[in-house]
Colleague: 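Right, I'll just put the structure down here and ask away after.
Index from 1, following the sequence. Counting convention: from 1, in listed order, for ligands and their atoms alike.
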Amino acid sequence: METALTTQRVFKVVFVGDSGVGKSSFIHRFCNNSFNPSFSATIGVDFQVKTIQIKDTVIVLQLWDTAGQERFRSITKQYFRKADGVVVMYDVTSEASFVNVRNWMTSIKVQSNPVRLKYKENVDEKTVIEILGNKTDMAEGDDHRVVRMNDGKKLALEYESLFFECSAKSGINIQESMAAMADLLKDKEDEELEKALHIHDDPVEKKKCCK
Ligand code: GTP
């Protein structure tokens, strides 16, 4: 009988970031490999599913696209809970969207950790965070770039996050950044499963026989 070589994992990934940074465009590019320049602002929250394969594992990513606009904040907040992964996006041509990454981190309750003492105080320790600087196509020749790649990298280091620059328009680093997140999600889950198995492996002191 033929046995299935693959196992399947399902992860919830929530996208946050200022309005207009390109969250919907990124998800659209990732799921449909196309770019629609006339996207309108997300109302509340949208949802899409994308399946990818990493080695012998099929990974189902549930992608939650939240609205960046302030007026939807009370709705979008509810979606951070129980996220396996969070993508915090900024636009490399917008200083304000980069500055706001820290505010987004606060609202998903991830603490920056310059001295590596306190980290992810209020979200699950295994939540994977990824910072993405989008719209690199507009920064070619550094014409419209206002956020340097190094500053993005430094911020990601501070929050112990994955980091990529990408472009929903050109398609650069779309698959790569999501594959990196999926890979880490899988590794972290493997670690958890391993830990859970070892709990049952703990040597139990044998009762002494009274004979
Ligand atoms: P909200 O739904 O309001 O939170 O916005 P959003 O973050 O989902 O942004 P959206 O994907 O709607 O994109 C906003 C605008 O930026 C649109 O006009 C997109 O066409 C444009 N855009 C998105 N990604 C890129 C990119 O990589 N390059 C360029 N040049 N434009 C982009």
Colleague: What do the steps show when you test Phe26 against Ser177 for side chain to side chain contact (heavy atoms under 4.5 Å, CB included), and what is the final call?
Modeller: CA-CA 11 Å; Phe26 180 98; Ser177 56; 3.5 Å; yes

Colleague: So Arg9 and Val60, do their side chains get closer than 4.5 Å, heavy atoms only?
Modeller: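 SC-SC contact between Val60 and Arg9 ruled out.
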
Colleague: Between ligand 1 and the protein, find all N/O pairs closer than 3.5 Å and give the distance for each.
Modeller:
| residue | atom | partner | partner atom | Å |
| --- | --- | --- | --- | --- |
| ligand 1 | 2 (O) | Thr42 | N | 2.7 |
| ligand 1 | 2 (O) | Thr42 | OG1 | 2.8 |
| ligand 1 | 3 (O) | Ser19 | OG | 2.6 |
| ligand 1 | 4 (O) | Lys23 | NZ | 2.7 |
| ligand 1 | 4 (O) | Gly68 | N | 2.7 |
| ligand 1 | 5 (O) | Gly20 | N | 3.0 |
| ligand 1 | 7 (O) | Val21 | N | 3.4 |
| ligand 1 | 7 (O) | Gly22 | N | 3.0 |
| ligand 1 | 7 (O) | Lys23 | N | 2.9 |
| ligand 1 | 7 (O) | Lys23 | NZ | 2.8 |
| ligand 1 | 8 (O) | Lys23 | N | 3.4 |
| ligand 1 | 8 (O) | Ser24 | N | 2.9 |
| ligand 1 | 8 (O) | Ser24 | OG | 2.9 |
| ligand 1 | 9 (O) | Gly22 | N | 3.2 |
| ligand 1 | 11 (O) | Ser24 | N | 3.4 |
| ligand 1 | 11 (O) | Ser25 | N | 2.8 |
| ligand 1 | 11 (O) | Ser25 | OG | 2.6 |
| ligand 1 | 16 (O) | Lys135 | NZ | 3.1 |
| ligand 1 | 18 (O) | Pro37 | O | 3.3 |
| ligand 1 | 20 (O) | Pro37 | O | 3.1 |
| ligand 1 | 24 (N) | Asn134 | ND2 | 3.2 |
| ligand 1 | 27 (O) | Asn134 | OD1 | 3.4 |
| ligand 1 | 27 (O) | Asp137 | OD1 | 3.4 |
| ligand 1 | 27 (O) | Ser167 | OG | 3.4 |
| ligand 1 | 27 (O) | Ala168 | N | 2.9 |
| ligand 1 | 27 (O) | Lys169 | N | 3.1 |
| ligand 1 | 28 (N) | Asp137 | OD1 | 2.7 |
| ligand 1 | 28 (N) | Asp137 | OD2 | 3.4 |
| ligand 1 | 30 (N) | Asp137 | OD2 | 2.9 |

Colleague: For Asn32, give me all partners under side-chain hydrogen bond (donor to acceptor under 3.5 Å, both in side chains), at least two apart in sequence or on another chain.
Modeller: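 For Asn32, the residues satisfying side-chain hydrogen bond (donor to acceptor under 3.5 Å, both in side chains) (neighbours in sequence not counted) are His28.
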
Colleague: Describe, in one word, how the ring planes of Tyr90 and Phe163 are oriented to each other, choosing from parallel (under 30°), tilted (30 to 60°) and perpendicular (over 60°).
Modeller: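 Taking Phe163 first and then Tyr90, their aromatic rings lie parallel (interplane angle under 30°).
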
Colleague: Would a hydrophobic clustering, with Ile, Leu, Val, Met, Phe, Trp and Tyr connected at side-chain separations under 4.5 Å, put Phe35 with Phe164?
Modeller: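 Looking at the clustering, Phe164 is in a separate group from Phe35.
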
Colleague: Could you walk me through whether Asp18 and Ser97 pass the side chain to side chain donor-acceptor pair (under 3.5 Å) test, one step at a time?
Modeller: CA-CA 6 Å; Asp18 279 8; Ser97 73; 5.3 Å; no

